Amino acid sequence: MMIHPQYDPVALSLGPVEVHWYGLMYLLAFAAAYGLAWYRSTKRDNWTTDMVSDLVFYGALGVILGGRIGYVLFYQFGELLQNPAYILKVWEGGMSFHGGFIGVMLGMWFFARKYKKTTFQVFDFIVPCVPTGLLFGRIGNYINGELWGRVSDGGYNWLTYFPQAAAFDMQQLQTNPELQELMIEVNGQYILPRHPSQLYEAFAEGLLLFIFLWWYSSKPRPRMAASAVFLLGYGISRFIIEFFRQPDADQGFILLGWMTKGQILSAPMIIAGLIMLIYAYKRGIYDWGKHAAY
């Protein structure tokens, strides 16, 4: 087992300018998305590098605005009602994947209208590039020591002690005294071993989903199919990993005594992805390859 190093949140200091790890992860995510989308544009008809620049701009805008608005609406709605200006306090942290996903969908819709493409032509083109952003984002979560996993007594070598979770660990100890034998002391704080669920998500929603989607979309597939596979892949990965991730303190288990907000938001993605995939193959419209209608 390991103790989280509690990295300095500032990755780089250039005089008065400080670059935080999370900001650096966003930069890497957008750079990776641009590079991958540029490469895909060289392999497709009716896509140019200028389009890719616009596409990534709309996507980045959707991620940032949608992620913040979604976090506040999904997880901090009470705070928003008490203090509407809270939505602007981005320096306090708080981004939602599902909100960012909705923001990106809106951004892609505007892009599609501008370039006279169908929405799913755009979605199918860009979704293979999205998991790299999830990969960098989850690594950022781990570096910042946030969104840690649930306590485990499994004794696995990769379990991690998060000093950032010390206050929450003491609360859990009060309700579950048997956890005391798992505790260690670090700098005067007593902490419990937890799943590094941020890394689980980086691996499943990021690396694995990217590899599969990149391979899947490298061959002609029906319109909407790649988008459907993304929804299925992300939704299933997130739903499963939520069993290892600590629910938000102000949310807990909110349905059936075991479902988290993340699972509730992911379930419709799984259902929609499955329906879309069946429909895509049944309709059989191709945008490139020998079956495409030019």
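Worth saying up front: this structure is predicted, and the values here are computed from it rather than measured. What's counted below: heavy atoms across the whole structure, side chains too, no hydrogens, waters or symmetry copies.
- Contact detail for Ala225 and Tyr281: the closest heavy-atom pair is CB-CE1, 4.2 Å.
- Judged by distance alone, with hydrogens and angles left aside, the side-chain atoms of Thr42 form a donor-acceptor pair with the main-chain N or O of Tyr39 at under 3.5 Å.
- In this structure, Leu192 is a member of the same hydrophobic cluster as Met170, with clusters built from ILVMFWY side-chain heavy atoms closer than 4.5 Å.
- Judged by distance alone, the side chain of Thr160 and the main-chain N or O of Trp158 form a donor-acceptor pair under 3.5 Å.
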Go through it in stages, so that I can follow the logic: the residues are Trp214 and Leu36, the test is side-chain contact (heavy atoms from CB on, under 4.5 Å), and I'd like the CA-CA distance, side-chain angles, deciding distance and then a yes or no. CA-CA 10 Å; Trp214 193 261; Leu36 293 169; 3.9 Å; yes
Just do the side-chain contact (heavy atoms from CB on, under 4.5 Å) check on Leu147 and Arg138 with the steps written out, would you? CA-CA 9 Å; Leu147 305 182; Arg138 293 310 180 191; 3.7 Å; yes
Extract all donor-acceptor atom pairs below 3.5 Å that involve side chains of residues 171-185 and protein atoms in other chains or at least two apart in sequence.
{"unit_1": "Gln172", "atom_1": "OE1", "unit_2": "Arg194", "atom_2": "NH2", "d": "2.7"}
{"unit_1": "Thr175", "atom_1": "OG1", "unit_2": "Gln172", "atom_2": "O", "d": "3.0"}
{"unit_1": "Asn176", "atom_1": "ND2", "unit_2": "Gln172", "atom_2": "O", "d": "3.4"}

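- One hydrophobic cluster, built from ILVMFWY side chains closer than 4.5 Å, cannot hold both Ile278 and Ile285; they sit in different ones.
- Shown here is Arg113, whose CZ atom has no more than 12 heavy atoms of other residues, nucleotides or ligands within 6.0 Å.
- Looking at heavy atoms from C-beta onward, Met51 lies out of side-chain contact with Ser41 at the 4.5 angstrom threshold.
- In this structure, Asp8 CG and Asn144 CG are separated by 10.0 Å, a value rounded to the nearest 0.5 Å.
- Counting only heavy atoms from C-beta outward, the side chains of His195 and Arg245 never approach each other to under 4.5 Å.
- Between Tyr200 and Phe203, the ring centre distance reaches or exceeds 6.0 Å.
- Atom CG of Asp124 and atom CE of Met108 lie 13.0 Å apart (nearest 0.5 Å).
- Within a 6.0 Å sphere centred on OH of Tyr156, other residues, nucleotides and ligands contribute 12 heavy atoms or fewer.
- Open room surrounds CG on Asn187; 12 or fewer heavy atoms of other groups in view lie less than 6.0 Å from it.
- The minimum heavy-atom distance between Val151 and Asp169, with the atom names listed, is CG2-OD1, 4.5 Å.
- Using a 4.5 Å cut-off on side-chain heavy atoms (C-beta onward), Leu231 and Phe101 make contact.
- By the rule that hydrophobic residues join a cluster once side-chain heavy atoms approach within less than 4.5 Å of another member, Val229 and Ile275 end up as members of separate clusters.
- Considering every non-hydrogen atom in both Ser266 and Gly235, the closest pair reads CB-O, 3.8 Å.
- Within 6.0 Å of atom OH in Tyr279, 12 or fewer heavy atoms from other residues, nucleotides or ligands are found, so the atom counts as exposed in its surroundings.
- Looking at heavy atoms from C-beta onward, Gln6 lies in side-chain contact with Gln164 at the 4.5 angstrom threshold.
- Between Gln198 and Gly145, the closest heavy-atom pair is NE2-C, 4.5 Å.
- Applying the ring pair (Phe, Tyr, Trp, His ring centres under 6.0 Å) criterion to Trp47, with sequence neighbours excluded, gives Phe111, Phe125.
- Note on Phe123 and Ile271: separate hydrophobic clusters, where clusters join Ile, Leu, Val, Met, Phe, Trp and Tyr whose side-chain heavy atoms are under 4.5 Å apart, directly or indirectly.
- Between Arg283 atom CZ and Met224 atom CE the span is 4.5 Å, to the nearest 0.5 Å.
- Residues Gly273 and Ala228 come closest through the heavy atom pair O-CB, 3.3 Å.
- A single hydrophobic cluster is seen to contain both Ile240 and Met259, as judged by linkage of ILVMFWY side chains at heavy-atom distances under 4.5 Å, directly or through other members.
- Screening Tyr142, Trp148, Tyr161 for a ring-ring contact (aromatic ring centres under 6.0 Å, His included) with His4, the sole residue that qualifies is Tyr142.
- Scanning all heavy atoms of the two residues, the minimum distance from Ala112 to Val122 falls at CB-CG2, 3.8 Å.
- Note that the OG1 atom of Thr49 and the CG atom of Asp54 stand 10.5 Å from one another [nearest 0.5 Å].
- The backbone N or O of Phe120 lies less than 3.5 Å from no partner atom in the side chain of Arg223, so there is not a single donor-acceptor pair.
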Report the C-alpha separation of Phe30 and Tyr34 in whole Å, then their side-chain angles, then the decisive distance to 0.1 Å, and conclude whether the ring pair (Phe, Tyr, Trp, His ring centres under 6.0 Å) test is met. CA-CA 6 Å; Phe30 294 140; Tyr34 178 83; over 10 Å; no
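- The CZ atom of Phe230 sits 6.0 Å away from atom CG of Leu209, with the distance rounded to the nearest 0.5 Å.
- Below 30°, between 30° and 60°, or above 60°: for Phe212 and Trp215 the angle between ring planes is between 30° and 60°, a tilted geometry.
- For the pair Gln246/Phe162, no side-chain contact is recorded, criterion being any heavy-atom separation below 4.5 Å from C-beta on.
- Between Ser217 and Arg40, some side-chain heavy-atom pair lies under the 4.5 Å cut-off.
- Taken to the nearest 0.5 Å, the NZ atom of Lys43 stands 9.0 Å off from the CH2 atom of Trp38.
- Two residues are said to be in side-chain contact when any heavy atoms from C-beta on lie closer than 4.5 Å; Arg150 and Pro247 meet this criterion.
- Gln263 contributes a side-chain N or O that, together with a main-chain N or O of Phe239, makes up a donor-acceptor pair within less than 3.5 Å.
- The closest side-chain heavy-atom distance from Phe243 to Thr260 is not below 4.5 Å.
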